[in-house]
Amino acid sequence: MNPYLEALQPKLSQKDYEKLAAIQNPNIHEFIAKENDLCHPDRIFVCSDSEEDVAYVRRQAVASGEEKAILTMPGHTVHFDGEQDQGRDRQNTKYLVPKGVTLSKALNQMDRQEGLAEVRGLMKDCMKGRTMIVRFISLGPTNSVFTILGIQCTDSWYVAHSEDLLYRSGYSEFLKAGAKSDFLRVVHSAGKLCDDMTSAEPDKKRIYIDNMDNTIYSVNTQYAGNSVGFKKLAFRLAIRKANYEGWLAEHMLLMGVHGPGGRKTYFAGAFPSACGKTSTAMLPGETILGDDIAYLRSIDSVARAVNVESGIFGIIQDVNPKDDQLINKVLTHSGEIIFSNVLVKDGKPYWLGMGKELPKDGVNYTGAWFEGKKGFDGAEIPAANKNARYAVALKALENCDPELDNPKGVELGGIMYGGRDTKAYVPVQQSYDWCHGIIAYAASLETETTFATIGKEGVPEINMMSIQDFISIPMGQNVRNNLEFGKKLNRSPIIFGVNYFLKDKDGKYVNSPQDKHVWVKWMDLRVHGEVDAVKTPTGYIPKYEDLRRLFKEVLDKDYSKEDYIKQFTIRVPENLGKIERVQRFYQENVSDTPLELFGILYLQRERLKKARDTFGDYISPEKFDA
Ligand code: SPV
Ligand code: MN
């Protein structure tokens with residue numbers, strides 16, 4: 001028996017002891033022993049992913065009060081996060097950097113020793129009177145070059161239960177891996193709890209990333225983006241691992257797009273949180289492979305990708321029978337689902353934009369709720385939080401892609417990048433080449449903050465490749481990695497820029513949410529070289545005739561020339577403004593920016609200026625199609 005197992009034995013039942021001892025890796029025992037020493041749980045439960053263990057986790061989530069059964073539907077439960085714990089917390093999420101090391105200025109960081117002392121101080125004895133649950137997970141399909149193993153110690157049954165729905169189980173992978181010591185570690189505690197089982201001390205919320213130890217600490221929070229270790233927490237560690245090993249870990253959806261003749265082409269898509277990623281991945285008639293995190297590798301010189309996860313933690317706001325048939329059907333039928341931060345009344349869940357009137361009272365994340373109730377900040381509390389969510393396994397969806405667990409992943413035909421850009425970029429465009437796409441669309445991705453993170457909404461910002469919140473390496477290095485990745489491929493995916501949020505002069509969106517389906521179909525045709533495009537200073541845009549046909553075929557809509565011109569007019573001043581902001585951002589925040597970024601932006605500026613000299617500030621797409 002190694003000394004760590006010996007130290008852990010008093011906290012373990014005989015069965016749990018055996019489960020742990022069966023893993024031939026003292027590093028794992030050491031990690032758990034270290035966290036046991038810190039958190040001092042009364043006992044430790046080791047989840048082996050057996051049916052029995054998983055059922056136990058599910059039962060405990062309800063027995064502990066962290067979830068409540070929704071009585072009208074078998075398998076449905078609801079979980080509430082505290083009023084000040086309704087999204088990812090950027091301010092309290094920090095990288096711990098050793099003395100002498102600095103990350104890019106734009107990244108939230110602090111001295112490693114200080115940070116460790118602070119967070120470990122907050123976690124001291126935090127599990128007294130509780131059980132520490134140990135979960136083993138495989139990030140990505142098992143038995144694959146993509147597989148990364150992860151382990152989490154948590155005192156939240158809700159977190160442990162969510163992991164069942166969202167990830168591939170990993171206990172047997174740890175057994176197989178034996179002494180292989182490369183795994184990501186997360187330790188989490190919900191901290192002191194209120195009577196309603198929500199974290200009681202939001203001012204002591206901390207999410208600290210210790211790259212040196214491949215460990216993430218999370219305390220005094222339950223919101224899944226801050227607590228479910230294998231979501232955004234391990235993602236930060238994976239980005240670092242990818243950097244060393246020469247692949248990419250991305251905030252991307254994966255989907256199969258159906259083209260002519262029964263063809264299916266896989267696309268990845270990077271969007272910041274709450275900018276249309278999940279709704280794109282779920283387009284009806286296409287297949288969904290993933291909606292949040294993907295790993296990309298060059299295999300035999302083509303880009304292949306896997307979904308790191310196997311479930312969806314999706315925004316429920318605006319899911320309604322008309323716009324989101326597939327997920328709406330899942331959410332309104334029996335099956336295992338955790339709803340979070342919705343309104344519950346008479347044993348039924350309600351959310352904003354569900355397509356029917358909401359009750360005037362019920363129970364929500366603030367406890368007993370009634371219309372007009374004011375929150376901690378004096379603002380009126382909505383019936384359900386905007387960032388209310390559902391957690392469900394991907395396989396619950398009718399159009400789950402059959403390649404989900406393919407260890408080789410899927411070959412990517414295209415990659416799209418899109419943010420909330422109300423002013424500049426056209427709704428869809430294709431880059432000139434890989435490097436232009438990476439710089440002009442991915443590294444230049446502009447967006448506005450959303451309810452997915454705590455703080456003010458609608459603040460414009462640059463969100464590099466949509467991983468600004470998760471990037472754990474120098475930012476310039478990330479740009480370089482992306483450039484290099486594509487340059488080395490024999491067949492690189494085509495890069496597209498999409499913008500679902502462009503507005504007109506009166507502040508109205510120029511597109512409806514359904515239009516994205518047409519853009520996706522157009523991208524598929526471009527990947528296969530089946531339609532022409534119009535060359536503009538910012539990229540190739542669709543021809544009117546092709547869109548008219550696609551609007552009819554896909555949405556049964558008559559697409560007018562006026563709409564086309566409005567949507568695809570090149571707005572020179574706004575585009576020059578964008579370039580200026582992006583350039584300044586990199587100059588001021590990213591000391592290791594590759595020169596190529598400035599070069600590609602310079603050329604884009606020159607093309608825009610030249611076009612302006614001939615055609616003026618606002619240029620109809622028809623001018624470029626002469
Ligand atoms: C996001 O905010 O990007 C999400 C939800 O996907 S969470 O992972 O909880 O942050
Ligand atoms: Mn996300």
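Scope of the values below: all heavy atoms of this structure, side chains included, with no hydrogens, waters or symmetry mates. For the single chain, residues carry numbers from 1 onward in sequence order.
- Proximity of Lys128 to Asp125: side-chain heavy atoms (C-beta onward) are separated by under 4.5 Å at one or more points.
- Using a 4.0 Å cut-off between charged side-chain N and carboxylate O, Asp37 and Lys34 make no salt bridge.
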task = Would you sort out whether Phe470 and Phe235 count as a ring-ring contact (aromatic ring centres under 6.0 Å, His included), showing the intermediate values?
result = CA-CA 7 Å; Phe470 318 111; Phe235 182 39; 5.4 Å; yes
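- Take Glu83 and apply the salt bridge (Lys or Arg N to Asp or Glu O under 4.0 Å) test, not counting sequence neighbours, and it matches no residue.
- In this model, a donor atom of one side chain and an acceptor atom of the other lie less than 3.5 Å apart for Asp53 and Ser48.
- Residue Asp469 holds its CG atom at 9.0 Å from NZ of Lys232, rounded to the nearest 0.5 Å.
- The main-chain N or O of Gly65 is found under 3.5 Å from a side-chain atom of Lys68 such that the two form a donor-acceptor pair.
- A donor-acceptor pair shorter than 3.5 Å cannot be found between the side chains of Asn387 and Asn341.
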query = Going through the distances and angles, do Asn463 and Ser466 end up as a side chain to side chain donor-acceptor pair (under 3.5 Å)?
reply = CA-CA 5 Å; Asn463 190 325; Ser466 88; 5.3 Å; no
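- Contact annotation: the side chain of Tyr266 never approaches that of Ile415 to less than 4.5 Å [non-hydrogen atoms, C-beta and beyond].
- With hydrogens and angles left out, the side-chain atoms of Asp89 and Asn226 include no donor and acceptor closer than 3.5 Å.
- Contact check on Asp164 versus Arg58 returns no salt bridge, with no Lys/Arg side-chain nitrogen under 4.0 Å from an Asp/Glu carboxylate oxygen.
- Using a 4.5 Å cut-off on side-chain heavy atoms (C-beta onward), Tyr167 and Val228 make contact.
- Remark: Asp324 does not engage Lys329 in a salt bridge, criterion side-chain N to carboxylate O under 4.0 Å.
- Side-chain N/O atoms of Ser273 and Arg88 include a donor and acceptor closer than 3.5 Å.
- A salt bridge links Glu52 with Lys15: at least one charged nitrogen is closer than 4.0 Å to a carboxylate oxygen.
- Annotation: salt bridge (charged side-chain N to carboxylate O under 4.0 Å, His left out) contacts involving residues 216-231, sequence neighbours excluded, comprise Lys231-Asp292, Lys231-Glu309.
- Within 6.0 Å of atom NZ in Lys241, more than 12 heavy atoms from other residues, nucleotides or ligands are found, so the atom counts as buried in its surroundings.
- Judged as a salt bridge (charged side-chain N to carboxylate O under 4.0 Å, His left out), the pairs with a partner in residues 42-51 (not counting sequence neighbours) are, in order, Asp49-Arg135.
- Tyr17 pairs by the ring-ring contact (aromatic ring centres under 6.0 Å, His included) definition with nothing, not counting sequence neighbours.
- Between Val159 and His188 there is a side-chain heavy-atom pair separated by less than 4.5 Å.
- In this view, Tyr217 satisfies the ring-ring contact (aromatic ring centres under 6.0 Å, His included) rule with no residue, not counting sequence neighbours.
- Side-chain contact between Leu253 and Leu289 is absent, with no heavy atoms from C-beta onward closer than 4.5 Å.
- No side-chain heavy atom of Leu149 sits less than 4.5 Å from a side-chain heavy atom of Leu184.
- The closest side-chain heavy-atom distance from Glu250 to Ile467 is below 4.5 Å.
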request  = Apply salt bridge (Lys or Arg N to Asp or Glu O under 4.0 Å) to the pair Asp291 and Lys277, showing each step before the final yes or no.
outcome  = CA-CA 6 Å; Asp291 87 315; Lys277 190 151 42 69; 5.7 Å; no
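- Contacts of Trp247 classified as ring-ring contact (aromatic ring centres under 6.0 Å, His included), with partners at least two apart in sequence or in another chain: Tyr295.
- Enclosure of atom CE in Met110 by more than 12 non-hydrogen atoms of other residues, nucleotides or ligands within 6.0 angstrom is indicated.
- Within the model, atoms CZ of Phe313 and OG of Ser340 stand 4.5 Å from one another, a figure rounded to the nearest 0.5 Å.
- Residues passing the side-chain hydrogen bond (donor to acceptor under 3.5 Å, both in side chains) test with His161 are Glu67, Glu336, sequence neighbours excluded.
- In terms of the side-chain hydrogen bond (donor to acceptor under 3.5 Å, both in side chains) criterion, Ser472 has no residue partners (sequence neighbours excluded).
- The side chain to side chain donor-acceptor pair (under 3.5 Å) pairs that include a residue from residues 141-151 are Asn143-Lys176, where partners are two or more places apart or lie in different chains.
- Residues that satisfy the side-chain hydrogen bond (donor to acceptor under 3.5 Å, both in side chains) test with Asp405, not counting sequence neighbours, are Arg168, Lys395.
- Across all non-hydrogen atoms, the minimal contact from Gln222 to Gly82 is OE1-N, 4.4 Å.
- Residues forming a ring-ring contact (aromatic ring centres under 6.0 Å, His included) with His79 (at least two apart in sequence, or on another chain): Tyr158.
- In this structure, Tyr56 has its ring center closer than 6.0 angstrom to the ring center of Phe45.
- A cation-pi contact, defined as under 6.0 Å to the ring centre and within 45° of the axis, is absent between Arg240 and Tyr244.
- Checked against side-chain hydrogen bond (donor to acceptor under 3.5 Å, both in side chains), Arg112 has the following partners two or more places apart in sequence or in another chain: Asp210.
- Tyr171 is listed as a side-chain neighbour of Ile23, based on a closest heavy-atom distance under 4.5 Å.
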